[in-house]
Amino acid sequence: MKDWFDVAKKIESRVLLAAESAGLDLAVFDADVRPADPRFGDVQANGALPYAKRHKTNPRQLAQSILAKLEEDDEVKGVATLSIAGPGFINFTLKPTFILEWVKTFSGETALRESAGQLKANRKVVVDFGSPNTAKQMHVGHIRSIVIGETICRLLEFCGAKVVRDNHIGDWGTPYGKLFYAYKRELDQEALENDPLEELERLYKLGSSLANEDESVLEESRQELVALQNGDSQSMALWERVNDLSIQGLKTIYEVLDVTYDCYLGESFYRDKVEQVYNELCESGIAEESKGALVVFHPEHKRYSKQPFIIRKSDGASNYATTDLATMLYRKEHFEATDVIIVTDARQKDHFEQLDLTCQKWFQASKRDLPDFSHVMFGSINGEDGKPIKSRSGDPIRLRELLNESIERAYVIVKEKFEERNAAIDEEELMHIASVVGVSAIKYADLSQNRTSDYQFSWNKLLAFDGNTAPYLLYAATRVQSIFRKLEAGDQNDLESKASPYETAEELALAKKVIGFVGTLHTTVDTLKPHFLCTYLYELAGTFSAFYAANTVIVDDEGQKARRILLCKRTLEILKTGLSLLGIPTLERM
RNA sequence: GGGGCAGUAGCUCAGUUGGAUAGAGCACUUGAUUUCUAAUCCAGUGGUCGGGGGUUCGAAUCCCUCCUGCCCUACCA
């Protein structure tokens with residue numbers, strides 16, 4: 001039974017064997033196993049069609065010959081009933097006895113981890129996500145990178161990889177001159193302690209506007225910047241203070257979002273590592289001078305043969321291309337990364353394609369192994385007007401304010417629901433529930449969307465209790481939990497031996513959905529697209545709700561009760577595991 | 001000018017890489033509740049998958065072309 005954990009994969013291996021003994025050429029034959037339309041079965045193998053096409057034979061007859069071999073297969077016999085439909089689809093309908101065995105055998109997060117843990121074993125992945133600038137409040141624009149990045153880290157860890165979470169903060173560059181000018185003259189010490197990012201951002205804006213109005217301020221700002229870049233000790237001390245305060249401020253939001261980092265290696269960290277990049281790229285002839293700048297062209301590429309990758313500006317300064325190159329090298333040499341993932345918005349696609357091409361040539365020339373590089377990109381969050389969301393004043397909406405508003409809205413809704421139900425709840429728990437619902441709703445709204453597309457932000461949608469939302473999933477989890485609270489002592493003993501095979505349509509649907517988690521995990525990790533997991537969890541919750549409405553769990557019949565309790569346990573385990581991968585905790589009640 | 005991404009129900013979105021009669025939620029029309037939490041569930045209405053051509057047993061998916069929107073395109077990140 002152990003090797004049936006991934007049902008589709010196992011069936012694929014049996015189909016291949018059957019095809020081979022039916023005389024097919026396995027070098028060409030692809031079983032093409034996938035979930036089936038429930039009207040026809042649970043799993044389908046479509047490989048006979050393209051194979052017949054290639055060999056100009058009758059696909060249905062070919063499917064028939066594979067099926068004949070499968071029906072002789074003892075491994076398949078107890079698992080599924082087979083049929084052929086249409087032009088040659090082989091359909092597998094799982095038998096209730098097998099379904100029960102599966103549900104009994106693969107219990108809990110441990111079993112899930114055991115199999116998933118093979119997927120990314122021996123990988124060491126540096127995930128670069130979040131990446132805000134220092135001395136600035138984070139705004140909505142940062143949420144996708146943070147939430148998607150954290151989920152990818154959790155998924156990879158679940159699948160056995162070692163993960164380094166790196167926050168590549170923007171902590172170096174021109175804004176510091178103006179900030180320091182204002183900091184030295186206009187600092188509000190109390191405000192800085194209360195909310196460092198708010199005060200630093202105020203000071204930067206102040207310095208910036210003063211410099212715009214007054215040429216002498218601009219000149220003094222320039223001097224501040226020069227002093228910093230020359231490593232003046234006073235400037236460096238101030239720079240470090242600003243950074244410490246900034247990171248401290250960022251962390252208050254990361255705590256709310258339940259996000260952690262292993263390191264904060266910002267742009268400043270790489271400033272003494274760019275010389276090596278220039279030298280190596282020049283020596284190997286990859287980089288060249290153009291219009292005073294040092295650039296890389298890729299002649300083989302239709303566009304990047306003309307569009308340069310600028311690695312040193314004509315004024316001699318480095319830019320983000322330079323630090324990104326240095327960063328790739330550091331991640332390889334210091335972390336020994338097998339994979340590097342950078343999570344940013346889709347507008348930076350060109351940049352990272354050029355980075356990847358350049359790194360391939362550079363690493364090859366220097367006889368280094370290049371880590372597998374993925375630019376995990378995402379679309380923008382739009383308002384109802386279809387344009388990127390802004391506050392009424394036209395400024396970006398602050399992340400902190402967005403989260404607070406969500407919690408406040410959740411509070412009102414949750415309180416109302418408890419009042420409607422006449423259920424007692426103290427203020428502390430109410431706040432806790434509101435906080436979980438509010439924050440989860442924001443995260444889930446983002447994760448449930450295909451990350452490569454833009455999406456439209458809507459309070460009504462993300463906090464709704466219908467549809468593919470966090471509240472719906474959280475509610476489903478609380479309903480399962482409430483069943484366990486109602487059980488009597490002994491109800492959970494010897495479930496495996498007491499359980500009878502599943503019969504009702506709702507039981508079978510739910511059990512099959514439970515089995516389907518394995519395939520979803522594969523798809524999600526392969527594509528690094530969390531919305532596949534979200535869609536699955538939503539379907540699982542929906543299938544559970546239908547089961548819950550139609551099949552009472554706590555019944556007199558011991559076999560029936562046991563098998564349903566078992567199903568509830570698995571549902572809850574998967575809901576909890578899946579949600580935790582998304583960075584969302586579950587609630588006892590709501 | 002060149003390139004990328006997108007266009008699916010009135011609205012918001014899925015669609016497992018070419019599979020069977022294109023799916024959800026909202027909205028609309030219905031039915032179910034002294035509940036293991038109805039924040040739920042059952043059923044129904046709603047589609048020339050932007051338009052047109054092509055490839056084949058089979059196309060929302062691949063190719064060509066046109067229309068529309070967003071983004072990138074030398075020294076911001």
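Each chain gets a letter, A, B and so on, in the order the sequences are listed, and its residues count up from 1. The basis for the numbers below is simple: all heavy atoms, side chains too, and nothing from hydrogens, waters or symmetry mates.
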Nearest-nucleotide pick for [X], side chain only, options being [options]:
X      : options             : result
A/F418 : B/A39, B/G19, B/U16 : B/A39
A/D454 : B/C70, B/G2, B/U16  : B/C70
A/V295 : B/A77, B/A74, B/U40 : B/A74
A/L49  : B/A39, B/U40, B/G19 : B/G19
A/Y472 : B/C41, B/C75, B/A39 : B/C41
A/F89  : B/C57, B/A14, B/G19 : B/G19
A/D350 : B/C72, B/G19, B/A39 : B/C72
A/I310 : B/U37, B/C36, B/A74 : B/A74
A/F297 : B/A39, B/A14, B/A74 : B/A74
A/K53  : B/C36, B/G18, B/G19 : B/G18

What is the distance from [atom1] of [X] to [atom2] of [N], rounded to the nearest Å?
X      : N     : atom1 : atom2 : result
A/Q449 : B/C11 : CD    : C1'   : 14 Å
A/K291 : B/U73 : NZ    : C1'   : 13 Å
A/F532 : B/C13 : CZ    : P     : 17 Å
A/H375 : B/C72 : NE2   : C1'   : 12 Å
A/R451 : B/A6  : CZ    : P     : 12 Å
A/N422 : B/U37 : CG    : P     : 16 Å
A/F378 : B/A6  : CZ    : C1'   : 17 Å
A/N450 : B/C5  : CG    : C1'   : 11 Å

Hey, is the side chain of [X] pairing donor to acceptor with the base of [N] inside 3.5 Å?
X      : N     : value
A/R479 : B/A39 : no
A/T478 : B/A39 : no
A/E267 : B/A77 : no
A/S314 : B/C75 : yes
A/K306 : B/G3  : no
A/Y475 : B/A39 : no

Using the [atom1] atom as the point on both nucleotides, what is the distance between [M] and [N], in whole Å?
N     : M     : atom1 : result
B/G54 : B/U12 : C1'   : 33 Å
B/A14 : B/U56 : P     : 32 Å
B/A60 : B/A22 : C1'   : 8 Å
B/C49 : B/C62 : P     : 16 Å
B/C5  : B/U45 : C1'   : 34 Å
B/C67 : B/G52 : C1'   : 11 Å
B/C71 : B/C28 : C1'   : 37 Å
B/G46 : B/G25 : C1'   : 14 Å

Test item: side-chain donor near acceptor, A/D526 and A/T523, under 3.5 Å: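 No, no side-chain donor-acceptor contact under 3.5 Å.
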Between A/S268 and A/D171, does any side-chain donor sit less than 3.5 Å from a side-chain acceptor? yes
Does [X] place a side-chain N or O at less than 4.0 Å from the phosphate oxygens OP1/OP2 of [N]?
X      : N     : value
A/K313 : B/C76 : yes
A/R303 : B/C72 : no
A/Q456 : B/U12 : yes
A/H531 : B/C13 : no

In terms of side-chain geometry, is the basic nitrogen of [X] or [Y] positioned less than 4.0 Å from the acidic oxygen of its partner?
X      : Y      : answer
A/E573 : A/K569 : no
A/E289 : A/R312 : yes
A/D385 : A/K387 : no

Only one of A/R564, A/K512, A/R570 passes salt bridge (charged side-chain N to carboxylate O under 4.0 Å, His left out) with A/E507; say which it is. A/R564
Which of these, A/K461, A/R451, A/R144, sits in a salt bridge (charged side-chain N to carboxylate O under 4.0 Å, His left out) with A/D446? A/R144
Select base, sugar-phosphate, or nothing to describe what [X] touches, counting heavy atoms under 4.0 Å on all strands.
X      : result
A/K417 : base
A/P59  : nothing
A/A85  : base
A/A346 : nothing
A/N551 : base

Which is more 5' along RNA chain B, the nucleotide nearest A/S545 or the one nearest A/Q307? Just name the residue.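 Its nucleotide being nearer the 5' end, the pick is A/S545.
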Between A/R347 and A/Y455, just flag the one whose closest nucleotide in RNA chain B comes earlier from the 5' side. A/Y455
Tell which nucleotide pairs with [N], taking only Watson-Crick or G-U wobble pairs whose two distances are both under 3.5 angstrom.
N     : value
B/U17 : none
B/U48 : none
B/A6  : B/U68

Taking A/S208 for the side chain and A/Y204 for the main chain, is one N or O donor matched with an acceptor at less than 3.5 Å? no
Less than 6.0 Å separating the ring centroids of [X] and [Y]?
X      : Y      : value
A/F89  : A/F40  : no
A/H168 : A/Y320 : no
A/Y304 : A/F309 : no

Syn or anti for B/U17, with syn set at within 90° of 0? syn
A/Y548 stacking on B/C36: centroids under 5.5 Å, ring planes under 30°?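 Per 5.5 Å and 30° rule: yes, stacked.
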Can you give one letter per nucleotide of nucleotides 21-26 of chain B, 5' to 3': B if a protein heavy atom sits under 4.0 Å from the base, S if only from the sugar-phosphate, - if neither? S--SSS
Go through the steps to decide whether A/S448 and A/N468 satisfy the test side-chain hydrogen bond (donor to acceptor under 3.5 Å, both in side chains), and finish with yes or no. CA-CA 8 Å; A/S448 60; A/N468 191 4; 4.7 Å; no
